[in-house]
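Here is the structure we will look at.
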Amino acid sequence: MSLKVFYNSSELKLALDQFRSQNSGQVGFVPTMGALHEGHASLLREAKNNSDLVVLSIFVNPTQFGPNEDLDSYPRTLESDLEVAKTCEVDFVYVPDKEDLYPPGDSTFIEETVNSQGLCGEFRPGHFRGVTTVVYKLFQIVKPDCAYFGLKDAQQFYVLSKMVLDLGLSIEMRGVATVREKDGLALSSRNRYLSQEDREKSIQLYAELCLAKEKINSGQPVKDVCEDAVRLLSSHGFQVQYFTLREFERPKARVIAAAAYLGSTRLIDNISL
Ligand code: AMP
């Protein structure tokens, strides 16, 4: 099947109905905000290997950005995104406009209230409410059998997994390993905004996560280990928001998670224990 691009949900739903009426195959779904890189491509490949039809959505979701965040400057690169989609043999790409997902005057949100607490939930108020709301809406349109998310955004994965469980959605959630540059920096659409100097410094975030994992596994107190990491990163010019051990429930997970600014670029990363 060659790549088809849909700009509204009615046409996409019609095409999905048609596919389902002729196939009993699995639909795999990869929601993104575009500016696609190898991290996104690995989700798409994983979806391709496990589904009969792959749907990619590209939507810079305004409700997950705070008033002083980078909604306006978030990179939008549709042409090259479609090239990535073709290379990864995506079948359907959904590129909605805001009104397609948020009818004017709407007043309904989806909110998960446990896994969304702390970490990015503390520093980006309303962020996860925006994420769960848009992903729920996308799930209602695509009705995938399986949805693929990056474990780079670990808290997002556990918030969405809990939403799927709590609302009884019959969608399998798959978390895909973080794709990194050779030097360890997790790929992110925002990395392009790092100055050359900050790009060089940025590798210290993952290096500190690896070191912290080693120290915690060898029995050093978690609090001391995390405080040392914050001190070291701060001394190199990071403005650290958090560097901490976090446990999630259902599915159970233990990660050391970190978020820090380098200049005006916000980096997040984590390592599983
Ligand atoms: P975004 O476009 O940033 O909203 O990301 C869309 C999906 O790609 C999310 O599930 C992210 O977790 C995932 N993703 C982003 N960066 C990476 C990466 N470096 N490795 C694996 N998945 C990623």
Side-chain angles (χ1 to χ4, degrees), residues 28-50 54-66 69-71 73-78 80-82 84-85 88 90 93-96 101 115-116 119-120 124 127-139 142 144 146-164 171-194 199 202-203 205-206 209 248 253 255 257-259 265-272:
F29 179 41
V30 180
T32 76
M33 298 205 298
L36 301 185
H37 50 63
E38 265 306 302
H40 300 110
S42 83
L43 303 190
L44 293 170
R45 281 190 217 105
E46 187 74 17
K48 189 72 195 173
N49 288 337
N50 293 288
V54 175
V55 183
L56 158 71
S57 66
I58 298 176
F59 178 62
V60 181
N61 174 38
T63 63
Q64 71 189 69
F65 287 80
E69 294 185 350
D70 57 348
L71 173 62
S73 59
Y74 197 84
R76 287 154 171 94
T77 59
L78 185 58
S80 66
D81 290 351
L82 295 180
V84 175
C88 295
V90 168
V93 184
Y94 176 42
V95 191
L101 291 172
N115 288 345
S116 65
L119 307 183
C120 289
R124 303 186 69 186
H127 168 69
F128 287 117
R129 188 171 92 145
V131 171
T132 41
T133 300
V134 79
V135 171
Y136 180 79
K137 286 170 184 256
L138 292 167
F139 280 177
V142 178
C146 194
Y148 298 81
F149 294 89
L151 291 175
K152 175 190 172 258
D153 300 289
Q155 189 176 18
Q156 169 173 278
F157 178 72
Y158 295 108
V159 167
L160 290 169
S161 297
K162 190 68 175 24
M163 173 189 84
V164 164
I171 296 170
E172 190 187 327
M173 294 286 289
R174 296 245 183 116
V176 178
T178 303
V179 177
R180 300 179 178 282
E181 300 282 3
K182 281 200 185 73
D183 61 15
L185 176 67
L187 296 194
S188 161
S189 307
R190 292 181 170 105
N191 290 352
R192 69 191 71 196
Y193 296 128
L194 289 167
R199 172 66 188 82
S202 66
I203 59 174
L205 187 61
Y206 185 56
L209 285 167
F248 294 104
V255 301
T265 306
R266 186 172 186 271
L267 303 174
I268 64 169
D269 203 349
N270 68 86
I271 193 165
S272 130

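Residues: numbered from 1 along the sequence shown. When a ligand or atom number is given, it counts from 1 through the structure's own listing order.
- If you look at ligand 1, the protein residues with a non-hydrogen atom under 4.0 Å away are Pro31, Thr32, Met33, His37, Gly39, His40, Leu43, Tyr74, Phe149, Gly150, Lys152, Asp153, Gln156, Ala177, Thr178, Val179, Leu187.
- Residues satisfying the side chain to side chain donor-acceptor pair (under 3.5 Å) criterion with Arg199, sequence neighbours excluded, are Asp183, Ser202.
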message = Please determine whether side-chain contact (heavy atoms from CB on, under 4.5 Å) holds for the pair Leu267 and Asn191, giving the CA-CA distance in whole Å, both sets of side-chain angles, and the decisive distance to 0.1 Å.
response = CA-CA 8 Å; Leu267 303 174; Asn191 290 352; 3.7 Å; yes

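- Take Lys137 and apply the salt bridge (Lys or Arg N to Asp or Glu O under 4.0 Å) test, not counting sequence neighbours, and it matches no residue.
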Practice task
Would you please test Val176 and Arg45 for side-chain contact (heavy atoms from CB on, under 4.5 Å) and show each step?
Solution key: CA-CA 11 Å; Val176 178; Arg45 281 190 217 105; over 6 Å; no

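- Taking the six-membered ring where the residue is Trp, Tyr158 and Phe248 present parallel rings, their angle staying beneath 30° rather than reaching 60°.
- Note on residues 184-194: pairs passing salt bridge (Lys or Arg N to Asp or Glu O under 4.0 Å), not counting sequence neighbours, are Asp70-Arg190.
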